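Below: one structure, written as structure tokens.
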Amino acid sequence: MRTKIVAGNWKMNKTLQETVTLINELKNLLNPHNNVEVIIAPPFVNLPKAVELLQDFPIKVAAQNMHFADSGAYTGEVSAGMLKAIGVDTVILGHSERRAYFNETADMLQKKAHKAYEKSMTNIFCVGEKLKEREAGKHFDVVESQIADALFQLPLQAYKKIVIAYEPVWAIGTGQTATPDQAQEMHRFIRETLAKKYGRDLANAIRILYGGSVKPGNAAEIFSKPDVDGGLIGGASLKAQDFNAIVEAAKS
Ligand code: 13P
């Protein structure tokens, strides 16, 4: 049995004060359950406060990105060690917005994934094709190379702390979700890709999340698919009631 994960990627949203408000709302609403792990990823500056507010509450705090170096002349960047020092040991890597707007390359992501492994951080690794790639029938090839390029240099034991998030770019923030069958088809493909490289046990154990316009109204159906182990939620994670409803959908 794979425990489902519902993770909220807040992206560049919420001031410090708004972060406090949203976390307090979540603490009031959420009814923790052993069958679902809940994660939120606020912007860097609000991480220490989030960690403090969630010390005694079962919502984990993640970062949205990190650099691959330990320290040095990388203006504007944040290292794994800095995150760990404030109690954050989960990081989202390879989000399509980082790839598209900040030019994150396969080589950078390979280094970041390696750093997450070296530092024993949980790596929520995002993959997903663009609309043009799907229309050209290349979506499986694209996702397979994203995984192979960044993750296949890692040893099997690294995958204890890897979660894959399949986020088709055309479904992010567009209101257009992949159908539950499209999600299932790609999740199954990802599991098979990992099985070929690392074996069936690993493939059966790894969690694969779906992301892209998940809302309270469609979450239950998407999460009911056998290879969908929860969701990475953008817009709907910014409203406590919506996020709570999505967590509830993962319990059933
Ligand atoms: P939306 O849920 O807003 O489509 O965003 C998905 C996402 O990018 C989560 O990382």
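Basis for what follows: all heavy atoms, side chains included, without hydrogens, waters or symmetry-related copies. Along the sequence shown, the residues carry numbers beginning at 1. If you're wondering where the values come from, they're calculated on a predicted model, not measured in any experiment.
Here the closest non-hydrogen pair linking Asn65 and Phe44 is O-CZ, 3.0 Å. Among all heavy-atom pairs drawn from Ala80 and Lys119, the shortest one is CB-CG, 3.7 Å. The minimum heavy-atom distance between Ala158 and Leu154, with the atom names listed, is CB-CB, 3.9 Å. In terms of heavy atoms, Leu93 sits closest to Leu109 at C-CD2, 4.4 Å. Pairing each heavy atom of Val169 with each of Gly128, the nearest pair is CG2-O, 4.0 Å. Nearest approach of Leu83 to Ala63, heavy atoms of both residues: CD1-CB, 3.7 Å.
Under 4.0 Å is where a charged nitrogen must lie from a carboxylate oxygen, and between Glu129 and Arg134 at least one such pair does. A salt bridge does not link Lys161 to Asp89: none of the charged nitrogens lies less than 4.0 Å from a carboxylate oxygen. A salt bridge between Glu192 and Arg200 is present, with a side-chain N of the basic residue lying under 4.0 Å from a carboxylate O of the acidic one. The pair Asp227-Arg191 meets the salt-bridge criterion, since a charged nitrogen lies less than 4.0 angstrom from a carboxylate oxygen. Of the charged side-chain nitrogens involved, at least one lies within less than 4.0 Å of a carboxylate oxygen, so that Arg98 and Glu104 count as a salt-bridged pair. Using a cut-off of 4.0 Å between Lys/Arg side-chain N and Asp/Glu carboxylate O, Glu248 and Lys251 are scored as salt-bridged.
Rounding to the nearest 0.5 angstrom, the gap separating the CD1 atom in Ile222 from the OG1 atom in Thr179 is 8.5 Å. With values rounded to the nearest 0.5 angstrom, Met82 atom CE is found 7.0 Å from Ser71 atom OG. Separating the NZ atom in Lys132 from the CD atom in Glu135 is a distance of 9.0 Å, to the nearest 0.5 Å. The structure places CG of Asp149 at 10.0 Å from CD of Glu144, a figure rounded to the nearest 0.5 Å.
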Please list, one pair per line, the donor and acceptor atoms closer than 3.5 Å that link side chains of residues 25-35 to other protein atoms, with sequence neighbours excluded.
| residue | atom | partner | partner atom | Å |
| --- | --- | --- | --- | --- |
| Lys27 | NZ | Leu53 | O | 2.6 |
| Asn28 | ND2 | Asn24 | O | 3.4 |
| His33 | ND1 | Asn35 | N | 3.0 |

Less than 3.5 Å apart, which donor and acceptor atoms pair up between the side chains of residues 237-245 and the rest of the protein, not counting sequence neighbours?
| residue | atom | partner | partner atom | Å |
| --- | --- | --- | --- | --- |
| Ser237 | OG | Ile233 | O | 3.3 |
| Ser237 | OG | Gly234 | O | 2.7 |

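Hydrophobic clustering of Ile, Leu, Val, Met, Phe, Trp and Tyr side chains at less than 4.5 Å, counting indirect connections, keeps Val142 apart from Leu151. In the hydrophobic clustering of this structure, Val45 does not group with Ile23; members are Ile, Leu, Val, Met, Phe, Trp, Tyr whose side-chain heavy atoms approach within less than 4.5 Å, directly or through other members. Linking Ile, Leu, Val, Met, Phe, Trp and Tyr whenever their side-chain heavy atoms come within less than 4.5 Å leaves Leu16 and Trp10 in two separate clusters.
Here Leu209 is tied into one hydrophobic group with Ile5, Ile39, Ile92, Ile124, Val163, Leu232, each link being a pair of ILVMFWY side chains closer than 4.5 Å. Hydrophobic cluster membership of Ile172, counting Ile, Leu, Val, Met, Phe, Trp and Tyr whose side-chain heavy atoms lie under 4.5 Å apart directly or via other members: none, as it forms a cluster of its own. Tyr101 belongs to a hydrophobic cluster with Phe102, counting contacts under 4.5 Å between side-chain heavy atoms of Ile, Leu, Val, Met, Phe, Trp and Tyr, direct or through other members. The other members of the hydrophobic cluster of Met108, by chain and number, are Phe68 (side-chain heavy atoms under 4.5 Å, ILVMFWY only).
Put simply, the side chain of Pro226 reaches to within 4.5 Å of the side chain of Gln184, judged on heavy atoms.
Remark: Phe57 pairs with no residue by the ring-ring contact (aromatic ring centres under 6.0 Å, His included) rule, at least two apart or across chains. For Ala219, the side-chain contact (heavy atoms from CB on, under 4.5 Å) criterion is met by Val214, Phe223, Ile246, Ala249, not counting sequence neighbours. Looking at residues two or more places apart in sequence or on another chain, you find a ring-ring contact (aromatic ring centres under 6.0 Å, His included) between Phe189 and Phe140.
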Inset, instruction - Given side-chain contact (heavy atoms from CB on, under 4.5 Å), test Val91 with Thr122 step by step and report yes or no. - result: CA-CA 6 Å; Val91 62; Thr122 298; over 6 Å; no

Legend entry - CA sep, side-chain torsions, deciding dist, call: Met66, Met121, side-chain contact (heavy atoms from CB on, under 4.5 Å): CA-CA 11 Å; Met66 69 179 193; Met121 295 183 77; 3.9 Å; yes

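By the 6.0 Å contact criterion, CD on Gln157 is enclosed, its count of non-hydrogen atoms from other residues, nucleotides or ligands being greater than 12.
Applying the ring pair (Phe, Tyr, Trp, His ring centres under 6.0 Å) test to every pair with at least one member in residues 154-182, sequence neighbours left out, gives these pairs: Tyr159-Tyr198, Tyr166-His187. Sorted by first and then second residue, the pairs that involve residues 208-225 and meet side chain to side chain donor-acceptor pair (under 3.5 Å), not counting sequence neighbours, are Asp181-Lys225. The ring pair (Phe, Tyr, Trp, His ring centres under 6.0 Å) pairs that include a residue from residues 73-96 are His67-Tyr74, where partners are two or more places apart or lie in different chains.
Side-chain N or O atoms of Gln64 include one that pairs as donor or acceptor with a backbone N or O of Lys11 at under 3.5 Å. Under a 3.5 Å cut-off, the side chain of Asp229 and the backbone N or O of Ile208 do form a donor-acceptor pair.
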